[in-house]
Amino acid sequence: MRIQDEQLKRFILDAGLIKKSDIAEAEKTAKKEDRTLSSALIASGHMTEDDMRRVESYVLGIPFVSLKNTKIDFETLVLIPEPVARNHNVIAYKKTDDTLEVAMLDTADLPAIDFIKKKVGLRIQPRLTDTESMRAALRQYQKTLKDEFGDLIMKDASELKVVNEDGEEVSEKELKAMAEDLPVVRIVDTLLRHAIIQGASDIHIEPGEAEVVVRYRIDGILSDAMKLPKIASDSIVARLKVLSSLKLDEKRLPQDGRFKMEMDGQKVSFRVSMLPVFYGEKVVMRLLRENRAGFSLEGIGFHGSTLERIHRATRKTTGIILVTGPTGSGKSTSLYTILDLLNTPEVNISTIEDPIEYQMPRINQSQVKPAIGFTFAAGLRSLMRQDPDVIMVGEIRDEETASLAINAALTGHLVLATLHTNSASGTIARLLDMGAEAFLLVSTLRVAVGQRLVRKLSDDKEGYILTKAERDDLSKKVDLDHILKTLKEEQLVDPKATWNNIQFYHPKENGETEDGYRGRMGIHEVLEISPTLKELVIQNKTSDELEAQARKEGMLTMIEDGIFKAAQGLTSIEEVLRVINE
């Protein structure tokens with residue numbers, strides 16, 4: 001329900017909130033620009049959005065709540081998943097047996113209300129709130145594991161069974177009993193669920209001499225989440241081995257497994273790695289969210305000419321598209337996003353991966369198994385007999401796979417693959433080093449994408465303008481003129497803008513988030529193989545010479561793309577320099 005213009009005008013005049021002449025002026029603006037009276041009043045500065053919400057609350061009879069100094073019960077708060085809460089500005093703050101009260105900035109957001117109603121199965125009572133209350137409430141999602149579940153976990157840990165006090169080997173039957181003990185089931189479930197809530201990409205469980213340290217990697221940064229007594233180590237490992245279908249009594253050799261869990265309608269796959277260390281077994285779990293809906297190349301950081309180069313390559317029916325970077329740089333996400341673009345009914349797509357990170361409909365995905373001889377090369381050779389139009393190879397690791405990928409591209413297939421190199425220009429040198437023929441490589445390679453992930457600034461950030469000294473220092477690393485020209489070409493700044501009036505931002509610590517960052521995005525360099533670059537490759541030129549030519553042809557390097565995004569307020573210069581490490 002929204003307040004009607006006449007109703008709003010009558011209330012404001014009766015209450016004497018705004019002068020009659022200002023209302024008349026706002027009405028003219030609303031009519032001219034085809035907008036509501038409320039938005040015209042806000043745009044003119046006569047009222048703030050929060051002022052308007054209080055008026056709407058009074059006129060529509062919807063209660064107004066302030067949550068600025070309210071501590072919300074964590075179990076009530078997480079009834080609405082954090083991404084939904086942030087996207088729709090809606091907070092669950094009070095729950096009774098059959099009712100859930102939710103605070104919103106827009107009570108007319110019916111899809112959000114319907115989603116919450118279906119999810120929690122309770123009667124929903126919407127309430128209006130202000131922006132500051134919403135920010136304060138959203139910050140409460142950022143609880144540490146120790147703050148929220150510490151006492152519960154420590155209590156459960158104290159109740160764990162100890163079956164090897166005398167140091168003797170524990171039988172498989174005893175290990176299974178430990179894994180099914182109720183306290184350890186609760187501990188592991190809490191650790192996993194909290195990792196999902198926090199948006200962690202990895203969980204590390206590390207046994208020490210006196211305690212077990214649990215660490216989460218969030219937005220690429222690894223930090224301690226919890227410390228547990230040493231007694232918990234064997235039980236937690238046993239529980240995770242049961243979930244991952246691993247050998248319970250094997251403690252001398254590394255083991256790899258996988259399991260899934262569902263939370264708040266979100267399916268998460270856990271890729272588990274067990275490694276024997278001095279004080280027991282270290283466990284690292286990679287969290288893979290299986291729902292890939294909503295990703296786009298623009299959404300993960302491609303823009304302007306970099307985006308157009310990718311699109312040109314995907315419109316071809318043959319050739320190779322390579323995504324490069326170190327482990328954890330988002331290569332798989334980029335490849336799956338490109339696959340999603342290509343995934344149409346008239347195209348047959350087959351993949352060979354290690355591991356299969358996301359399951360995608362209509363795509364034939366195969367998992368390599370080196371132990372039985374099913375390698376990337378063997379799988380790629382078999383895929384060629386499956387009549388594919390598009391082939392994705394999880395990683396080119398050796399000469400045989402590189403040769404087969406090039407041959408696949410030469411024989412009428414579009415091949416997508418990843419490669420471990422530090423830059424897009426280094427891709428060519430790496431493939432040549434693997435034994436690829438230069439003339440075949442330049443005939444098939446369409447684009448090489450180099451990428452890293454940087455943390456995004458939260459909405460609560462501090463603006464500043466670069467000083468001359470800072471610009472001079474930055475100019476040693478990047479071409480500032482090229483970045484400014486690109487910003488103007490993409491119409492992100494005024495055509496007459498200079499670095500003297502473009503604002504950058506620092507993270508605001510202990511603001512909306514603890515460190516001032518939330519989420520990550522890609523910074524990219526997309527090297528498109530032009531006729532000139534082909535000639536340079538044939539002439540055996542160095543990676544630096546190839547990169548210099550690509551920059552002449554308009555390529556932004558990764559660090560320049562990072563500064564480009566920092567100029568948009570998406571990330572900070574410090575974060576870009578941290579990741580590129582130059």
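This is a predicted model, so every value here is computed, not measured. As a basis for the values below, the full set of heavy atoms in this structure was taken, side chains included, without hydrogen atoms, waters or symmetry mates.
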May I ask you to test the Asp106-Met104 pair for a side-chain heavy-atom distance under 4.5 Å? no
For residues His413 and Thr318, determine if any side-chain heavy atom of one lies less than 4.5 Å from a side-chain heavy atom of the other. no
Look at the side chain of Gln451 and the backbone N and O of Ser329, then say whether any donor-acceptor pair between them is shorter than 3.5 Å. yes
Any donor-acceptor pair under 3.5 Å linking the side chain of Glu470 with the backbone of Thr467? yes
Does the side chain to side chain contact (heavy atoms under 4.5 Å, CB included) test come out yes or no for Val65 and Leu128, once each step is laid out? CA-CA 6 Å; Val65 294; Leu128 274 166; over 6 Å; no
Polar side-chain atom of Lys565 near backbone of Gly522 as donor-acceptor pair, under 3.5 Å: yes
If you round to the nearest 0.5 Å, how far is OG of Ser458 from CG of Leu138? 11.5 Å
List the atom of Leu453, the atom of Gly328, and the distance in Å for their closest heavy-atom pair. CD1-O, 3.6 Å
Using modelled atom types only, decide if a donor and an acceptor are shared between the side chain of Glu525 and the backbone of Met558 within a distance under 3.5 Å. yes
Test item: Leu416 and Val390 side chains (from C-beta on) under 4.5 Å apart, heavy atoms: yes
Keeping the roles fixed (side chain from Lys456, backbone from Leu570), state whether a donor-acceptor pair exists under 3.5 Å. no
Could you measure the distance from the CG atom of Asp561 to the CZ atom of Phe302? Nearest 0.5 Å is fine. 9.0 Å
Given the rule in the side chain to side chain donor-acceptor pair (under 3.5 Å) test, do Arg135 and Asn89 qualify, once you have shown the distances and angles that lead to the verdict? CA-CA 9 Å; Arg135 283 183 181 166; Asn89 284 307; over 6 Å; no
Starting at CG of Leu527, measure out to CD1 of Ile428 and round the result to the nearest 0.5 Å. 5.5 Å
First locate atom CD1 of Ile563, then atom CG of Asp479, and finally report the distance between them rounded to the nearest 0.5 Å. 12.0 Å
Less than 6.0 angstrom separating the ring centers of Phe115 and His88, yes or no? no
I'd like to know if Arg446 pairs up with Glu528 as an ion pair, taking the criterion as any Lys NZ or Arg NE/NH1/NH2 lying under 4.0 Å from an Asp or Glu carboxylate oxygen. no
Using the rule given for side chain to side chain donor-acceptor pair (under 3.5 Å), can you reason through Tyr517 versus Ser572, listing the C-alpha separation, both sets of side-chain angles and the distance that settles it, and then say yes or no? CA-CA 9 Å; Tyr517 295 97; Ser572 67; 2.6 Å; yes
Without swapping roles, check the side chain of Thr421 against the backbone of Ser423 for a donor-acceptor pair under 3.5 Å. yes
His506 and its side chain to side chain donor-acceptor pair (under 3.5 Å) partner, picked from Lys461, Glu574, Glu462: Glu574
Which atom pair, heavy atoms only, marks the closest approach of Lys119 to Pro81? CE-CD, 3.7 Å
With side chain to side chain contact (heavy atoms under 4.5 Å, CB included) as the criterion, how do Met134 and Ile91 come out once you've worked through the C-alpha distance, each side chain's angles and the decisive distance to 0.1 Å? CA-CA 7 Å; Met134 185 58 63; Ile91 289 290; 3.5 Å; yes
Ion pair check, Arg455 and Asp219, cut-off under 4.0 Å: no
Report yes if some heavy atom in the side chain of Ser223 is under 4.5 Å from a heavy atom in the side chain of Arg215; otherwise report no. no
Closest approach of Ile320 and Leu445, non-hydrogen atoms and distance? O-CD1, 3.6 Å
Do Ile363 and Met392 come close enough that some side-chain heavy atom pair is under 4.5 Å? no
Evaluate the side chain to side chain donor-acceptor pair (under 3.5 Å) criterion for residues Asp472 and Ser475: first the C-alpha distance (whole Å), next the side-chain angles of each, then the deciding distance (0.1 Å), finally the verdict. CA-CA 5 Å; Asp472 291 344; Ser475 294; 5.1 Å; no
Just do the side chain to side chain contact (heavy atoms under 4.5 Å, CB included) check on Leu287 and Asp202 with the steps written out, would you? CA-CA 6 Å; Leu287 281 69; Asp202 301 86; 5.7 Å; no
Does a donor on one side chain sit under 3.5 Å from an acceptor on the other, for Glu545 and Thr542? yes
Please tell me if the side chains of Leu484 and Ile502 come closer than 4.5 Å, counting only heavy atoms from C-beta onward. yes
Val415 versus Ala409, closest heavy-atom pair with distance: CG2-N, 4.0 Å
For the residue pair Leu577 and Lys477, establish whether any side-chain heavy-atom pair is separated by less than 4.5 Å. yes
Heavy-atom pair with the smallest gap, counting every atom of Gly569 and Tyr505: CA-CD1, 3.5 Å
Lys331: side chain to side chain donor-acceptor pair (under 3.5 Å) partners, not counting sequence neighbours: none
In Val347, Leu342, Ile391, Asp389, the residue satisfying side chain to side chain contact (heavy atoms under 4.5 Å, CB included) with Leu414 is Leu342
Heavy-atom pair with the smallest gap, counting every atom of Ser543 and Ala429: OG-CB, 3.6 Å
Using the side chain to side chain contact (heavy atoms under 4.5 Å, CB included) rule, take Val478 and Leu474 through it: C-alpha gap first, then chi angles, then the decisive distance, then the call. CA-CA 6 Å; Val478 299; Leu474 202 54; 4.0 Å; yes
When rounded to the nearest 0.5 angstrom, what distance separates OG1 in Thr324 from CZ in Arg430? 11.5 Å
According to the interplanar angle, ranging from 0 to 90°, do the rings of Phe564 and His303 count as parallel (below 30°), tilted (30 to 60°) or perpendicular (above 60°)? parallel
Are the side chains of Met555 and Arg309 in contact, using a 4.5 Å heavy-atom criterion? yes
First locate atom NE2 of His524, then atom CD1 of Ile310, and finally report the distance between them rounded to the nearest 0.5 Å. 8.0 Å
Got a sec: does the CD of Gln491 have more than 12 other heavy atoms crowding it under 6.0 Å? no
Is atom NZ of Lys316 surrounded by more than 12 heavy atoms (other residues, nucleotides or ligands) closer than 6.0 Å? no
Side chain to side chain donor-acceptor pair (under 3.5 Å) for Thr418 and Glu395? Distances and angles first, verdict last. CA-CA 5 Å; Thr418 70; Glu395 186 184 338; 5.1 Å; no
Would Lys485 and Asp481 pass as an ion pair if we require N to O under 4.0 Å? no
Backbone N/O of Asn500 and side chain of Thr498: donor-acceptor pair under 3.5 Å: yes
Steps toward salt bridge (Lys or Arg N to Asp or Glu O under 4.0 Å) verdict (Glu547, Lys552): CA-CA 9 Å; Glu547 183 175 296; Lys552 284 180 188 174; over 6 Å; no
Check: Ser66 main-chain N/O paired with Ser133 side-chain donor or acceptor under 3.5 Å: no
Sidechain N-carboxylate O distance under 4.0 Å for Arg520, Glu575: no
Identify, with sequence neighbours excluded, every residue that meets side chain to side chain donor-acceptor pair (under 3.5 Å) alongside Asn540. none
